[in-house]
*Asks:* 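This is the structure I want to talk about, given as structure tokens.
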Number of protein chains: 2
Amino acid sequence: MLSSSSPSTLEAHLGYWLRMVSNGVSLSFARKVECEGVTVAEWVFLRALYDTGSVAPSQLADRMAMTKGAISKLADRLLEKSLIERRANPADRRAHTLALNREGRELVPRLAALADENDEEFFGALAPDERRRLEQLLRKIAEERELTSVPVD
Amino acid sequence: MLSSSSPSTLEAHLGYWLRMVSNGVSLSFARKVECEGVTVAEWVFLRALYDTGSVAPSQLADRMAMTKGAISKLADRLLEKSLIERRANPADRRAHTLALNREGRELVPRLAALADENDEEFFGALAPDERRRLEQLLRKIAEERELTSVPVD
DNA sequence: TATTGTTATACTCTATAACTATA
DNA sequence: TATAGTTATAGAGTATAACAATA
């Protein structure tokens with residue numbers, strides 16, 4: 001006589017706990033940056049621009065592992081919010097570049113501070129060695145599965 | 001003379017690595033369950049129904065920490081896909097109940113197997129004690145931050 | 001009046017593809 | 001023809017609120 005087995009539960013999977021904690025962290029961060037008038041995706045976009053300086057949308061799409069269309073839409077919103085500038089390229093009139101304006105450059109450090117604060121809220125409960133251990137395990141998985149796309153949601 | 005400090009990078013935050021790995025795991029799982037014609041949210045919904053049996057939408061909303069509207073929309077899709085049944089309650093004609101039909105009950109174990117497979121793909125690279133450690137750390141954060149909502153995205 | 005559930009609206013993120021302008 | 005970028009469309013998820021039916 002064969003024993004029948006139940007389908008595995010949601011909680012039986014590490015992916016479930018990962019998603020639960022990740023969603024909690026992201027939702028909390030989303031609420032923080034909302035006070036500064038931006039979304040998490042916009043923070044990632046702005047932080048990338050802070051490092052690259054003036055850059056073509058297509059390069060940003062490569063770097064952030066997003067489509068050109070997605071970059072275009074994000075850029076539209078940030079232009080409306082007056083945080084970035086879009087400039088034509090005189091040499092190649094198809095090409096554009098995107099860059100932070102003064103307001104955008106001033107916002108990035110404030111958003112970074114919120115990211116620090118949010119990380120502290122969630123992972124401050126862990127001992128320093130636990131924190132290192134968690135980062136090490138996550139980096140190991142990211143490396144082995146070749147996860148490279150910048151997570152924006 | 002004050003030293004100026006750069007805003008912290010994206011990679012400096014544990015939340016960033018958590019989101020990157022979590023998104024990778026979820027995207028991979030989404031592609032697997034797509035072959036069975038459902039989304040991750042629908043898998044969570046179906047797995048919950050598998051345990052509860054016949055249940056009111058409002059109870060499901062509480063259990064899954066979703067709004068009634070979200071439950072209604074999910075239920076609509078699963079009805080179209082002929083995986084669940086919606087029944088009226090003769091005692092209270094406002095009330096309804098949702099339940100898996102035969103097709104839905106048969107699908108859940110196949111989806112659970114895909115969840116097992118996906119977990120193995122991502123976390124199989126970790127040693128057994130690393131895996132336990134990761135789950136322990138995630139559960140600790142979930143508990144301390146009182147994260148209870150079932151993550152569906 | 002309060003409750004159950006549905007429906008409408010709106011916004012974000014994602015992906016594909018059509019399209020314009022330029023090279 | 002190929003490339004840079006925008007725009008259109010569609011689907012999934014989220015949230016709020018208006019609504020109908022019933023208690």
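In what follows, every heavy atom counts, from backbone to side chain, and hydrogens, waters and symmetry copies are set aside. Small disclaimer: the values here were computed from a predicted structure and weren't measured. Numbered from 1 within each chain, the chains take letters A, B, ... in sequence-line order.
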*Asks:* Is any side-chain heavy atom of L49(A) closer than 4.5 Å to a side-chain heavy atom of L60(A)?
*Replies:* yes

*Asks:* Hey, are the side chains of L100(B) and L83(B) touching, using non-hydrogen atoms and a 4.5 Å cut-off?
*Replies:* no

*Asks:* To the nearest angstrom, how far is K68(B) atom NZ from dT16(D) atom P?
*Replies:* 13 Å

*Asks:* Under 4.0 Å between a side-chain N or O of T39(B) and OP1 or OP2 of dG13(D)?
*Replies:* yes

*Asks:* I want to verify a distance call: between dT7(D), dC13(C), dG5(C), whose nearest atom is closest to the A41(A) side chain?
*Replies:* dC13(C)

*Asks:* Salt-bridged, E42(A) to K81(A), with N to O below 4.0 Å?
*Replies:* yes

*Asks:* Write down the distance between CG (L60(A)) and P (dA4(D)), rounded to a whole number of angstrom.
*Replies:* 14 Å

*Asks:* Rounded to whole angstrom units, what separation is found between the CG atom of L27(A) and the P atom of dC13(C)?
*Replies:* 13 Å

*Asks:* K73(A) side chain: which of dT6(D), dC13(C), dT6(C) is closest?
*Replies:* dC13(C)

*Asks:* Between residues 76-89 of chain A and DNA chain D, which residues have a heavy-atom gap below 4.0 Å?
*Replies:* D76(A), R86(A)

*Asks:* Kindly give the atom pairs (protein nitrogen or oxygen, nucleotide nitrogen or oxygen) under 3.5 Å for nucleotides 21-23 of chain C.
*Replies:*
unit_1: dT22(C); atom_1: OP1; unit_2: R93(A); atom_2: NH2; d: 3.4
unit_1: dA23(C); atom_1: OP1; unit_2: R93(A); atom_2: N; d: 3.0

*Asks:* If I take atom CG in residue D62(A) and atom C1' in nucleotide dT3(D), what distance separates them, rounded to the nearest angstrom?
*Replies:* 13 Å

*Asks:* Once you round it to whole Å, what is the distance between P of dG11(D) and CD of E42(B)?
*Replies:* 13 Å

*Asks:* Quick one: does P57(A)'s side chain get under 4.5 Å of K68(A)'s, heavy atoms only?
*Replies:* no

*Asks:* Check every atom of dG5(C), dG13(D), dG5(D) against the side chain of A95(A) and return the nucleotide holding the closest atom.
*Replies:* dG5(D)

*Asks:* Could you work out how much the helix from dT1(C)-dA23(D) to dA23(C)-dT1(D) bends, comparing the axis of its first five pairs with that of its last five, to 10°?
*Replies:* 40°

*Asks:* Starting at atom CG of L74(B), determine the distance to atom P of dA12(D), rounded to an integer number of angstrom.
*Replies:* 10 Å

*Asks:* Just jot down the salt bridge (Lys or Arg N to Asp or Glu O under 4.0 Å) partners of D116(A), sequence neighbours excluded, or say none.
*Replies:* none

*Asks:* With a 4.0 Å cutoff (strictly under), does any side-chain N or O of S58(A) reach OP1 or OP2 of dG5(D)?
*Replies:* yes

*Asks:* Residues in side chain to side chain donor-acceptor pair (under 3.5 Å) with R93(B), at least two apart?
*Replies:* none

*Asks:* Going by an N to O cut-off under 4.0 Å, is there a salt bridge joining R139(A) and E135(A)?
*Replies:* yes

*Asks:* For E34(B) and dA10(D), what is the distance between atoms CD and P respectively, to the nearest whole Å?
*Replies:* 18 Å

*Asks:* So, do E85(A) and R87(A) sit near enough that their side-chain heavy atoms are less than 4.5 Å apart?
*Replies:* yes

*Asks:* Salt bridge between K32(B) and E34(B), side-chain N to carboxylate O under 4.0 Å?
*Replies:* no

*Asks:* To the nearest Å, give me how far apart CD1 (I71(B)) and C1' (dT4(C)) are.
*Replies:* 14 Å

*Asks:* Can you sort out the partners of R105(B) under side chain to side chain donor-acceptor pair (under 3.5 Å), two or more places apart, ordered by chain and number?
*Replies:* none

*Asks:* With the threshold set at 4.0 Å, does a side-chain nitrogen-carboxylate oxygen contact exist between D51(A) and R63(A)?
*Replies:* no

*Asks:* Mind checking A70(A) for me? I need base, sugar-phosphate or nothing, with any heavy atom below 4.0 Å counting as a touch.
*Replies:* nothing

*Asks:* State which of dT14(C), dG5(D), dT6(C) makes the closest approach to the side chain of M66(A).
*Replies:* dT14(C)

*Asks:* Decide yes or no for V25(A) and F123(A): does some side-chain heavy atom of the first lie under 4.5 Å from some side-chain heavy atom of the second?
*Replies:* yes

